[in-house]
Amino acid sequence: MKGDRQVQELIPVILKDGTIHHVPQGSTLGDVAAGLSRRLAKEAVVARVNGDLKDLASQVRPEDKVEFLTFEDEDGRTVYRHTSAHILAQAVKRLFPEAKLTIGPAIEEGFYYDFDSPEAFTTEDLARVEEEIKKIIKADYPVVRQEVTHEEAIEFFNKQDEPYKVKLIEELPPEAQVTLYSQGEFTDLCLGPHLPRTGMVGVVKLLSVAGAYWRGSEKNKMLQRIYGISFPKQKDLDEYLKRIEEAKRRDHRKLGQELDLFGIADEGPGFPFFYPKGMIIRTELENFWRDVHRRWGYKEIKSPIILNRSLWERSGHWDHYKENMYFLKIDEEDYAVKPMNCPGAILYYKTRLHSYRELPLRLAELGLVHRHERSGVLHGLLRVRCFTQDDAHIFMLPEQITDEIINVINLIDYFYRTFGFTYRVELSTKPENAMGSDEIWELATSSLVKALEKKGIPYQVNEGDGAFYGPKIDFHLQDSLGRNWQCGTIQLDFVMPENFDLTYIGEDGSRHRPVMIHRVAFGSIERFLGILTEHYAGAFPAWLAPVQVKVISVASRHVPYVLDVARQLEERGIRVEVDDENERVGYKIRQGELEKVPYLLVIGDQEVDSRTVRVRKRGEGDTGPARLDEFIRKLQQEIEQKLCI
RNA sequence: GCUGAUGUAGCUCAGCGGUAGAGCAGCGCACUCGUAAUGCGCAGGUCGUGGGUUCAAAUCCCACCAUCAGCUCCA
């Protein structure tokens, strides 16, 4: 009567929605899922039990609060991909038994596994590994968790000749329980949890192989890292690969060349060139910037690129930023190329006495700075060695801090909205190499928090990520592909005013110390243009487009009218080009579309006769005939309002 | 900086020990044409740079330069 007794011993578990479900004692989480729905039976990858993630193979206890996760849940996806990483490691060990296992976590997009292998893996190797992965998935090995003692674990991995695993275990406290996960012949040290079976993984795609240091430190040995991604269905993988393709298609380095906007010569690694068309976009961005700053009460200055060593010693850059700076000698004296604009702005501030009545004093500067970046990190316009910061330094009374920060937040918000970006805010606090006392940092940080809270903006805190002179608020904007870019930043600074002995004359007639804000909106004009290029996929809105209208002749007899139309557009301030080549219309239209010109005007007999133009809108095709002045009026409005259409 | 891959005409790429090739772009000629590539012809390269091996190097070896991917995700 053993069976009867089991049936009677039901235990209660609490489900996600609060309902109580009774299951036989000794049930696993997998059993519970299977009893709830067919969908869960198939798709549950892991369970959250009383807040902790647990393998589906583990048993439930009475009163457990249980929630089942699938690939759709972030944590479920992480487990799914972590198991994928184990499958990758198993496949690699089969094909390359001499490769040593290290670590293999799931990451934001996919997973990786690092191996110490005598031979570097090639792309062909990856294809073979992928085949082996398919076999492992097909074999559908159960993934079995096992708890062993510290000693047993070390002995096991010593026997397996896996020195990195032994090292990892040795770093754990000796009394700790160590968990092992096995699937088929493969066993890995792992905290888990994992999928119950290898067959639950749908498709795995290995993406790339690259070097990576053991524990991320350059002092350690370089390992071979294989990156991969996995999905339940081929369709999901295809979509992911399509998204990668789309990002490649939008790569600003590629578009910058195709559209003739900018480029980088071998002779100047990290020092970009702007070509005439890129220069137009850049100038439009700067015009917009000047216009906004005028309206927000800023004055503009320009400080020199090269300044004497003594200045950089006083500012702290000599001690805190030296390895990123370029130096030169002039008349036997040491000079540095500026990596930041703040000391220049401070020198201007110090050219005369300031009254409390003129604060806040907002000094803006499009300042060209140079910073030494390691050769391996350069990347088009996004990571360069010289760039133009759309900088500003605000000198103010301590009681103006919160209002000023809110003012800057409003300005940055206005900037990003113009380009159709949404954004996220982060607050960074005191770093290791900071200048200034804890009290000052405390005060500065709480001022930033106060401004954010007053604006009701949600933010994330990054401990220890601030600048050496003060805490900061960073703006991470999100582009049309959902990627994040750090651009704007607001940094509060009590240190520089102290170092440079900055003062203002207060109401009481005596000298007081002002507070400083450093801030950028674009961040770097060059980088922002790179981001915009990818965001718009090269199809810039009319206000930024290097050529706004291209006028195309059908046959050579139409050229005089084409030139007349172009002249009228030009007179109304529109950037226009004429294509009067002896080519077919189809050819010229194709050129115009490839150049991503917002409007093409096609002119043939009909247009000449009726003195009209035929409008073709970028990406939409022929939109029919129009009167020229009507077209110009609409386009001017589109440009004026900076519409993204 | 480190690991790996790459570097051939303005662009995209083929050639991988026997002395440089295509398509597009450019130039010329013909066609005068209605919404994403008309046809024919011409011209264009010290094969990233510098060494070496060889009768012979774009091709093999070494060094350097540049580019690309990665080097934060921690059993």
Side-chain angles (χ1 to χ4, degrees), chain A residues 78 81-82 85-86 89 101-114 117 119-123 153 157 162 164-172 176-181 188-192 207-227 248 251 253-254 257-258 260 263-270 323 372-380 465 552-559 580-595 600-607 614-625:
Chain A
T78 301
R81 297 207 165 129
H82 193 177
H86 276 219
L101 300 171
T102 72
I103 59 164
I107 53 177
E108 245 169 80
E109 291 243 293
F111 58 87
Y112 68 77
Y113 209 112
D114 285 347
S117 163
E119 297 279 320
F121 300 122
T122 64
T123 330
F157 283 107
E162 292 290 0
Y164 291 89
K165 292 293 174 189
V166 173
K167 222 178 286 177
L168 288 168
I169 301 163
E170 279 169 351
E171 285 170 21
L172 299 172
Q177 276 282 318
V178 175
T179 51
L180 306 180
Y181 277 83
D188 199 354
L189 169 73
C190 188
L191 203 54
L207 300 167
S208 63
V209 54
Y213 299 103
W214 166 241
R215 316 226 100 169
S217 166
E218 289 174 30
K219 295 188 194 95
N220 293 336
K221 184 164 184 191
M222 181 157 278
L223 310 170
Q224 299 289 317
R225 174 172 297 180
I226 297 180
Y227 282 94
K248 249 192 219 158
D251 191 314
R253 292 167 298 185
K254 195 166 163 251
Q257 188 194 58
E258 283 171 7
D260 212 21
I264 296 177
D266 275 6
E267 290 80 354
E323 59 288 358
H372 180 72
E373 297 283 355
R374 297 190 302 173
S375 58
V377 304
L378 300 177
H379 183 95
D465 239 10
I552 291 171
S553 55
V554 172
S556 53
R557 64 176 173 279
H558 309 124
V559 170
D580 58 357
E581 258 191 296
N582 281 337
E583 270 297 348
R584 277 143 181 78
V585 192
Y587 180 85
K588 294 195 249 189
I589 293 210
R590 181 179 152 81
Q591 292 309 311
E593 289 284 347
L594 289 176
E595 288 161 23
L600 303 178
L601 300 182
V602 178
I603 284 168
D605 289 334
Q606 286 170 37
E607 288 70 40
R614 194 150 184 115
V615 181
R616 188 187 161 100
K617 191 162 160 40
R618 177 178 60 199
E620 287 179 24
D622 191 350
T623 58

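So you know, we letter chains A, B, ... as the sequences are listed, proteins then strands, and number each from 1.
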Could you go through the side-chain hydrogen bond (donor to acceptor under 3.5 Å, both in side chains) check for Asp188(A) and Tyr113(A) one step at a time? CA-CA 12 Å; Asp188(A) 199 354; Tyr113(A) 209 112; 2.6 Å; yes
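One P atom belongs to C47(B), the other to C11(B), and the distance between them is 16 Å to the nearest Å. When the C1' atom is compared between C62(B) and A22(B), the two are found 33 Å apart, to the nearest whole Å. Nucleotides A63(B) and A43(B) are separated by 37 Å at their C1' atoms, to the nearest Å. For the P atom pair drawn from U32(B) and G44(B), the interatomic distance equals 32 Å after rounding to whole Å. One P atom belongs to A57(B), the other to G48(B), and the distance between them is 15 Å to the nearest Å. On the C1' atoms, C64(B) is 29 Å away from G21(B), given to the nearest whole Å. Here, G17(B) and C61(B) have their P atoms 11 Å apart, quoted to the whole Å. For the C1' atoms, the distance linking A5(B) with U38(B) amounts to 42 Å, nearest Å.
Comparing G1(B), C73(B), G70(B) by their nearest atom to the side chain of Ala210(A) picks out G70(B). Distance from the side chain of Gln224(A) is smallest to U3(B) among U3(B), C73(B), A66(B).
Nearest-nucleotide positions on RNA chain B place Met222(A) closer to the 5' end than the other of Met222(A) and Asp251(A). Sequence order on RNA chain B of the closest nucleotides to Leu172(A) and Leu223(A) puts Leu223(A) first from the 5' end.
In this structure, Asp114(A) places its CG atom 19 Å from P of A69(B), rounding to the nearest Å. Going from atom CG of Asn220(A) over to atom P of U72(B) covers 11 Å, rounded to whole Å. The nearest whole Å value for the distance from the CD1 atom in Ile107(A) to the C1' atom in C71(B) is 13 Å. Separating the CZ atom of Arg81(A) from the C1' atom of C74(B) is a distance of 18 Å, rounded to the nearest angstrom. Here C71(B) presents its P atom at 13 Å from CG of Leu207(A), a figure rounded to the nearest Å. Between the OH atom of Tyr213(A) and the P atom of C73(B) there is a distance of 13 Å, given to the nearest Å. Between Glu595(A) atom CD and A25(B) atom P the separation is 12 Å, expressed in whole Å. Distance NZ (Lys248(A)) to C1' (A69(B)): 10 Å, rounded to an integer number of Å.
When both distances must be under 3.5 Å, the Watson-Crick or G-U wobble mate of C64(B) is G48(B). Using the Watson-Crick or G-U wobble rule with both distances under 3.5 Å, G34(B) pairs with nothing in any strand shown. Across all strands shown, nothing is found opposite A9(B) as a Watson-Crick or G-U wobble partner with both distances under 3.5 Å. With a 3.5 Å ceiling on both atom-pair distances, the Watson-Crick or G-U wobble partner of G41(B) is C27(B). When both distances must be under 3.5 Å, the Watson-Crick or G-U wobble mate of U54(B) does not exist. U19(B) is unpaired under the Watson-Crick or G-U wobble criterion, no partner having all donor-acceptor distances under 3.5 Å. Taking a pair to require two hydrogen-bonding distances under 3.5 Å in either a Watson-Crick or a G-U wobble arrangement, G1(B) pairs with C71(B).
In this structure, Asp260(A) has no salt bridge (Lys or Arg N to Asp or Glu O under 4.0 Å) partners at least two apart in sequence or on a different chain. Glu620(A) meets the side-chain contact (heavy atoms from CB on, under 4.5 Å) test with Lys617(A), Thr623(A); sequence neighbours excluded. Among residues two or more places apart in sequence or in another chain, the side-chain hydrogen bond (donor to acceptor under 3.5 Å, both in side chains) test is passed with Glu162(A) by Lys93(A). Legend: residues meeting salt bridge (Lys or Arg N to Asp or Glu O under 4.0 Å) with Glu373(A), ordered by chain and number and at least two apart, are Arg383(A). Every side-chain contact (heavy atoms from CB on, under 4.5 Å) that Ile264(A) has, sequence neighbours left out, goes to Pro272(A). Considering only residues two or more places apart in sequence or on other chains, Glu218(A) meets the salt bridge (Lys or Arg N to Asp or Glu O under 4.0 Å) condition with Arg374(A). Applying the salt bridge (Lys or Arg N to Asp or Glu O under 4.0 Å) criterion to Lys221(A), with sequence neighbours excluded, gives Asp116(A).
Residue Ser375(A) has a polar side-chain atom (N or O) positioned under 4.0 Å from OP1 or OP2 of G1(B). One finds no side-chain N or O of His379(A) lying less than 4.0 angstrom from the OP1 or OP2 phosphate oxygen of G70(B).
More than 12 heavy atoms of other shown residues, nucleotides or ligands fall within 6.0 angstrom of atom CD in Glu323(A).
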For nucleotides 30-36 of chain B, 5' to 3', base contacts (B), sugar-phosphate-only contacts (S) and non-contacts (-) with protein non-hydrogen atoms under 4.0 Å give -BBBBBB
Would you give a per-nucleotide map of nucleotides 5-14 of chain B, 5' to 3', where B means the base has a protein non-hydrogen atom under 4.0 Å away, S means only the sugar-phosphate does, and - means neither? ------SS--
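In this structure, a donor-acceptor pair under 3.5 Å is present between the side chains of Ser553(A) and Lys588(A). In this model, a donor atom of one side chain and an acceptor atom of the other lie less than 3.5 Å apart for Arg225(A) and Tyr227(A).
When heavy atoms are screened at a 4.0 angstrom cut-off, Tyr227(A) is found touching the sugar-phosphate backbone but no base atom. Residue contacts shown for Lys165(A) are limited to sugar-phosphate atoms, with no base heavy atom under 4.0 Å away. Here Arg225(A) lies in heavy-atom contact (under 4.0 Å) with sugar-phosphate atoms only. Residue Arg253(A) is in sugar-phosphate contact alone, with no base atom involved, counting any heavy-atom pair closer than 4.0 Å across all strands shown. Residue contacts for Gly216(A): at a heavy-atom cut-off of 4.0 Å it reaches the sugar-phosphate backbone alone, with no base atom in range. Across all strands, Leu378(A) comes closer than 4.0 Å only to sugar-phosphate atoms, never to a base (heavy-atom distances). Looking at heavy-atom distances under 4.0 Å, Val178(A) makes contact with a base.
For the residue pair Ile589(A) and Leu600(A), the shortest heavy atom distance occurs at O-CD1, 3.9 Å.
Between the side chain of Tyr112(A) and the base of G70(B), no donor-acceptor pair under 3.5 Å is found.
The pair Glu171(A)-Lys167(A) does not meet the salt-bridge criterion, since no charged nitrogen lies less than 4.0 angstrom from a carboxylate oxygen.
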